[in-house]
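Below is one structure, written out as structure tokens, with a few remarks after it.
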Amino acid sequence: MQDMKSGNSLFDWFNQRLHLTELKAMAEKKEVPLHKHSVWYYMGGITLMYIAIQVVTGILLMVYYVPALDSAHASILKLNSKVEFGWFIRSLHSWGANLMIFFVILHLFSTYFMKAYRKPREITWFSGIFLLVLSLAFGFTGYLLPWDEVSFFATKIGLDIAGKMPLLGEPIAYMLRGGAEIGQETLSRFFVIHVAILPLLLIGLVGVHVLLVQMHGMSTPKSVLEKNGKNLKKEKFFPNFLMKDLLVWVLAFNGLAMLVTLSPWGLGPEADPYAPAPMGIKPEWYFLAPFQALKLIPAQVGPMEGELFGIMAMMLVGLVLLTVPFWDRGDSESRSKFATVFGIVVLVAAAFFTVWGAM
Ligand code: HEM
């Protein structure tokens, strides 16, 4: 009774129940280093903002979308042409998905080159790699849902390639397809994975990832520490850095809104599973690099089938990236250099094959 009397504002009411002052103190304890690479600290936050947009627009799209072979395409057509602002929400979701994946990749490489994966942030790194896999899975499953010609054949190619993976490839591809061919079963499965399974996993894993960042604070690159030592400038995360984060989010949202209004997301003709695949079908840009690289591998490499060889080589590159916190711990200059060169080679090769694939 006494407490309620002394704290008569709305804030006090919530504070007594939710311990807001303690949460604020925790946020205030975190400091963000200020140096010439600090701009990269915004990338994770931008990704987070785009995820929030995906959740909101995704829920709105579900109001009209029907995951059935005879109505999926028609429901998207209705959204695009009849529903008030339907085209806008759909374009926000489609462009937003692309920007989200772009920023996940940018965030991955920026933390990689700043060597933020080193002790004590190994688990932050692993959770990040799984977030990348989840983001790509979102892109792959969402692409099929409009059930247009391009999405149908691109998914077919994607599942065929996935089926070539050693051991579990074919059973997984069969399970995702729900049979030997792409049809209603595939659409239902992709829909459930896209709107229920992946969001649950993503929200849980993002929670772990951000909590770990909060626990460990932001890392400072070794070169900056060596140069500035104890004179390194820092600012409080709350409210200083968060205010800057908010400003960057407004800019990032504006970028998305510009893309949406200048180039609303289109819809191709309805998929016809019995029609021949149109010429030049390509997957989305984030799958172009492996798609293009696989095309270059000869049919047979030694005793192995060419595609299998290519897939295994790419899986090996992925494994090297995943395990980098174990083999570049910061105690060996030569391994550190190798990690940097390896990252540059992967980045340049991925960019090169993506541009080539797009042409
Ligand atoms: C859905 C995707 C992701 C979200 C929402 C997310 C979010 C964040 C946020 C908000 C931060 C703090 C600010 C920053 O450093 O940018 C952060 C830090 C970090 N993230 Fe992510 N992230 C995601 C994916 C990834 C990926 C793919 C990786 C790498 C494999 C990764 C590795 C890291 C690391 C190592 C840090 C610590 C950086 C440091 O201490 O300097 N994250 N993440």
Side-chain angles (χ1 to χ4, degrees), residues 27 29-55 58 96-139 142 198-225 232 234-238 240-249 252 286 317-330 339 342-343 346-347 350:
K29 227 170 73 185
K30 185 178 161 191
E31 289 183 323
V32 180
L34 289 173
H35 49 80
K36 63 177 180 180
H37 305 297
S38 294
V39 61
W40 298 111
Y41 294 143
Y42 293 100
M43 300 306 138
I46 296 178
T47 314
L48 206 56
M49 195 273 298
Y50 282 132
I51 289 181
I53 291 181
Q54 292 311 98
V55 172
N98 283 279
L99 287 181
M100 173 189 150
I101 292 179
F102 177 77
F103 278 96
V104 172
I105 295 172
L106 205 61
H107 175 54
L108 182 149
F109 279 107
S110 62
T111 50
Y112 182 87
F113 288 120
M114 294 215 284
K115 309 207 178 269
Y117 48 74
R118 286 179 183 161
K119 192 181 167 189
R121 295 180 182 79
E122 295 94 329
I123 301 177
T124 319
W125 174 258
F126 299 142
S127 62
I129 293 281
F130 286 112
L131 282 171
L132 172 74
V133 173
L134 289 183
S135 307
L136 294 176
F138 260 113
L198 290 176
L200 278 176
L201 292 175
L202 185 85
I203 288 169
L205 206 57
V206 166
V208 172
H209 192 73
V210 173
L211 187 73
L212 286 170
V213 174
Q214 196 63 33
M215 273 164 63
H216 296 305
M218 305 307 300
S219 70
T220 313
K222 209 171 160 190
S223 60
V224 174
L225 275 179
L232 182 68
K234 290 184 174 184
E235 69 178 348
K236 288 210 174 302
F237 172 75
F238 184 84
N240 304 38
F241 189 77
L242 191 61
M243 287 297 159
K244 291 186 189 169
D245 248 346
L246 287 176
L247 179 67
V248 170
W249 293 358
Y286 38 86
V317 171
L319 192 67
V320 174
L321 278 181
L322 174 72
T323 54
V324 64
F326 292 141
W327 55 265
D328 175 23
R329 291 191 294 260
F342 183 78
V346 172
L347 182 61

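Please read all numbers here as calculations on a predicted model, not as lab measurements. One-based numbering, in listed order, for ligands and for the atoms of each.
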Is the F109 ring parallel, tilted or perpendicular to the Y112 ring (thresholds 30°, 60°)? perpendicular
Please write down residue, atom name and distance for the protein heavy atom closest to atom 1 (C) of ligand 1. I51 CD1, 3.5 Å
Residue, atom name and distance, where the atom is the protein heavy atom closest to atom 15 (O) of ligand 1: M218 CE, 3.1 Å
A side-chain contact here means heavy atoms from C-beta on lying under 4.5 Å apart; do W40 and T111 qualify? no
Classify the ring geometry between H107 and H209 as parallel (under 30°), tilted (30 to 60°) or perpendicular (over 60°). perpendicular
With side chains defined as the heavy atoms from C-beta onward, is the minimum distance between W327 and V320 less than 4.5 Å? yes
So with a 6.0 Å cut-off around CZ of F130, is the heavy-atom count from everything else above 12? no
Which is closest to atom 40 (O) of ligand 1 in terms of heavy atoms, G207, S219, P120, S135? S219
Shortest protein contact, atom 11 (C) of ligand 1 (heavy atom only): V213 CG2, 3.9 Å
Check H216 against ligand 1 and report side chain, backbone, both or neither, counting heavy atoms closer than 4.0 Å. neither
For atom 16 (O) of ligand 1, the protein heavy atom that lies nearest, with its residue and separation: G44 N, 2.9 Å
What do you reckon, is CD1 of I123 surrounded by more than 12 foreign heavy atoms closer than 6.0 Å? no
Per atom 35 (C) of ligand 1, closest listed option by heavy atom (A116, S38, G217): A116
Below 4.0 Å from ligand 1: does a non-hydrogen atom of S110 turn up there or not? no
Show your working on side chain to side chain contact (heavy atoms under 4.5 Å, CB included) between L108 and W125 and close with a plain yes or no. CA-CA 9 Å; L108 182 149; W125 174 258; 4.2 Å; yes
Could you tell me, atom by atom, which parts of ligand 1 come under 4.0 Å of a heavy atom of I129? 30 (C)
Ring geometry between H35 and Y41 (parallel below 30°, tilted from 30 to 60°, perpendicular above 60°): perpendicular
Nearest-contact summary for atom 22 (N) of ligand 1 - protein heavy atom, Å: H209 NE2, 2.9 Å
For atom 13 (C) of ligand 1, what's the nearest protein heavy-atom neighbour? Residue, atom name and distance, please. Y41 O, 3.3 Å
Among K115, M215, H216, the one residue meeting side chain to side chain contact (heavy atoms under 4.5 Å, CB included) with R121: H216
Can you tell me if R121 has a non-hydrogen atom under 4.0 Å from ligand 1? yes
With atoms numbered from 1 as shown, which atoms in ligand 1 lie under 4.0 angstrom from a non-hydrogen atom of T124? 34 (C), 36 (C)
Identity and separation of the nearest protein heavy atom to atom 24 (C) of ligand 1: H107 CD2, 3.5 Å
Do any N or O atoms from the side chain of S127 and from the backbone of V206 form a donor-acceptor pair under 3.5 angstrom? no
Which of the numbered atoms in ligand 1 are below 4.0 angstrom from a heavy atom of G45? 10 (C)
Taking the six-membered ring for Trp, are F326 and Y117 closer than 6.0 Å centroid to centroid? no
May I ask which of F130, F237, W125 has a heavy atom nearer to atom 29 (C) of ligand 1 than the others do? W125
Can you name the atoms of ligand 1, numbered from 1 with element, that are less than 4.0 Å from a heavy atom of V104? 2 (C), 27 (C)
For atom 28 (C) of ligand 1, what's the nearest protein heavy atom and its distance? G128 CA, 3.4 Å
